[in-house]
Amino acid sequence: MDHPELQSRPASPLVEAVDERFAAHGVRLLLKRDDLVHPELPGNKWRKLAPNLRAALEAGHEQLVTFGGAYSNHLRATAAAGRLLGIATVGIVRGDELAARPLNDSLARCAADGMRLHFVTRSRYRAKADPQALAELLDEAGASGAYVVPEGGSNALALAGCAELGRELRGVTDVAAVACGTGGTLAGLAAGLAPGQRALGVPVLAGGFLSGEIRSLQAEAYGGPVGDWTLAEDFHHGGYARVPAALESFAADFASRHGFPVERIYVAKLLWALTTLTTAGAFPRGTTVTAIITGRP
Ligand SMILES: *Cc1c(COP(=O)(O)O)cnc(C)c1O
């Protein structure tokens with residue numbers, strides 16, 4: 001029997017945003033408020049974690065281990081999910097220098113939710129891609145035998161959870177747009193949309209490596225490419241967690257126009273990209289574009 005927390009939830013709200021920057025180009029903007037899908041866990045993190053937690057519990061694991069940096073939303077969400085489901089969590093954190101300092105707010109939240117934090121050097125953190133190095137790391141963290149969720153939470157089960165988001169958008173939009181970190185959310189979203197609908201991803205990291213990652217995530221989950229998706233690569237604003245002043249004021253303005261809190265690391269870059277593409281005429285008149293609001297500040 002499923003844990004009550006893991007029972008399926010109602011679709012997240014879809015609301016129309018009246019914005020003259022879009023209306024002037026004949027584009028209809030919808031907001032998919034996936035930040036509201038769960039009271040304690042923001043949108044895509046919940047969609048990615050829920051199927052993994054279900055699998056961990058079904059296989060009888062009492063502990064779940066995952067990986068992240070000092071400000072990782074994924075670590076925070078995993079810690080909260082572990083508390084809600086009564087499953088022990090271990091977070092392997094990049095940067096051994098952090099062990100000697102007071103915890104930042106994000107890591108303090110993880111610890112308060114019961115996550116055991118294990119700090120490792122950057123080189124060992126990177127080396128976890130190698131199975132032998134990973135096994136040693138887990139052993140040292142007291143997490144051998146734990147259910148392993150990869151960094152960022154993107155695996156085949158996570159894609160299945162995000163495909164549900166795509167299914168919730170069938171028949172209501174031409175384009176479904178989402179900000180991308182690992183690309184797992186986009187990879188699953190694209191798989192859940194109906195033929196004729198397109199997923200558009202906005203990477204928040206610089207580097208142009210994401211299409212390859214998305215292809216390999218889809219290959220792992222589905223055996224090959226699924227759905228229609230593209231990336232808009234020019235909207236990372238200098239890289240992860242960079243929020244230049246222009247982006248900051250754009251986000252503050254968007255929040256006051258539309259009356260919801262705009263998360264800066266991902267959601268602000270998505271909304272900036274959609275506004276810029278629309279004013280540049282990238283969407284034909286009559287297009288409906290849905291911005292997926294994946295989280296809250
Ligand atoms: C983690 C996160 C993303 C990125 O999701 P990926 O599946 O890693 O691409 C997007 N938005 C928010 C708010 C997030 O926390």
Side-chain angles (χ1 to χ4, degrees), residues 12 31-38 40-52 66-81 91 106 109-110 149-166 176-192 199-218 220-221 227 229-233 235-237 239-243 247 251 254-255 260-274 290-297:
S12 59
L31 305 177
K32 175 73 166 161
R33 294 292 308 274
D34 226 38
D35 54 325
L36 303 177
V37 81
H38 188 286
E40 297 200 54
L41 293 158
N44 71 338
K45 296 298 182 284
W46 172 251
R47 293 195 188 264
K48 288 159 70 167
L49 276 168
N52 277 289
T66 194
F67 310 84
Y71 294 95
S72 165
N73 286 346
H74 165 66
L75 276 188
R76 252 202 345 272
T78 305
S106 187
R109 279 286 298 282
C110 293
V149 175
E151 175 177 29
S154 291
N155 57 12
L157 286 174
L159 266 59
C162 294
E164 185 59 31
L165 170 59
V178 71
C180 301
T182 63
T185 305
L186 176 71
L189 167 71
L200 173 65
V202 176
V204 305
L205 285 89
F209 58 87
L210 204 62
S211 343
E213 303 271 303
I214 294 167
R215 273 194 296 275
S216 58
L217 284 167
Q218 286 200 333
E220 179 195 339
W229 58 269
T230 50
L231 297 178
E233 304 251 27
F235 300 101
H236 56 71
H237 295 261
Y240 186 73
R242 297 275 165 82
V243 186
L247 180 62
F254 202 98
F260 74 99
V262 172
E263 188 269 352
R264 299 299 199 259
I265 295 178
Y266 293 96
V267 177
K269 291 179 183 179
L270 168 69
L271 296 170
W272 171 297
L274 292 180
T290 299
I292 299 169
I293 310 304
T294 38
R296 45 183 180 254

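Everything numeric here is computed off the predicted structure, so don't read it as measured data. Indexing begins at 1, ligand by ligand and atom by atom, following the structure's order.
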Return a yes/no value for C180: is any of its N or O atoms, backbone included, closer than 3.5 angstrom to an N or O of ligand 1? no
Between ligand 1 and K48, can you find any atom pair, the residue atom being a heavy atom, that is separated by under 4.0 Å? yes
May I ask you to test the N73-I265 pair for a side-chain heavy-atom distance under 4.5 Å? no
Report the part of N44 in contact with ligand 1, treating N, CA, C, O as backbone and CB onward as side chain, heavy atoms under 4.0 Å; options are side chain, backbone, both, neither. side chain
Protein contact of atom 8 (O) of ligand 1 - nearest heavy atom, named by residue and atom, plus distance: T182 OG1, 2.6 Å
What are the atoms of ligand 1, with element, lying closer than 4.0 Å to any heavy atom of G295? 13 (C)
Which ligand 1 atoms are under 4.0 Å away from a heavy-atom of T185? 5 (O), 6 (P), 7 (O)
How far does CG of L205 sit from OH of Y266, to the nearest 0.5 angstrom? 7.0 Å
Above 12 or not: heavy atoms from other molecules or residues under 6.0 Å from CZ of R264? yes
Side chain, backbone, both or neither: which part of H74 has a heavy atom under 4.0 Å from ligand 1? neither
Over 12 foreign heavy atoms within 6.0 Å of CZ, F209: yes
Near R33 CZ, under 6.0 Å, is it more than 12 heavy atoms from other residues, nucleotides or ligands? yes
Would K45 count as a contact residue for ligand 1, given that I'm defining contact as a non-hydrogen atom of the residue lying under 4.0 Å from a ligand atom? yes
G183 N/O under 3.5 Å from ligand 1 N/O: yes
Heavy-atom pair of closest approach, residues A187 and L217: CB-CB, 4.4 Å
Any nitrogen or oxygen of T294, main chain or side chain, under 3.5 Å from a nitrogen or oxygen of ligand 1? yes
For R47, the option from T294, T185, D34 that meets side chain to side chain donor-acceptor pair (under 3.5 Å): D34
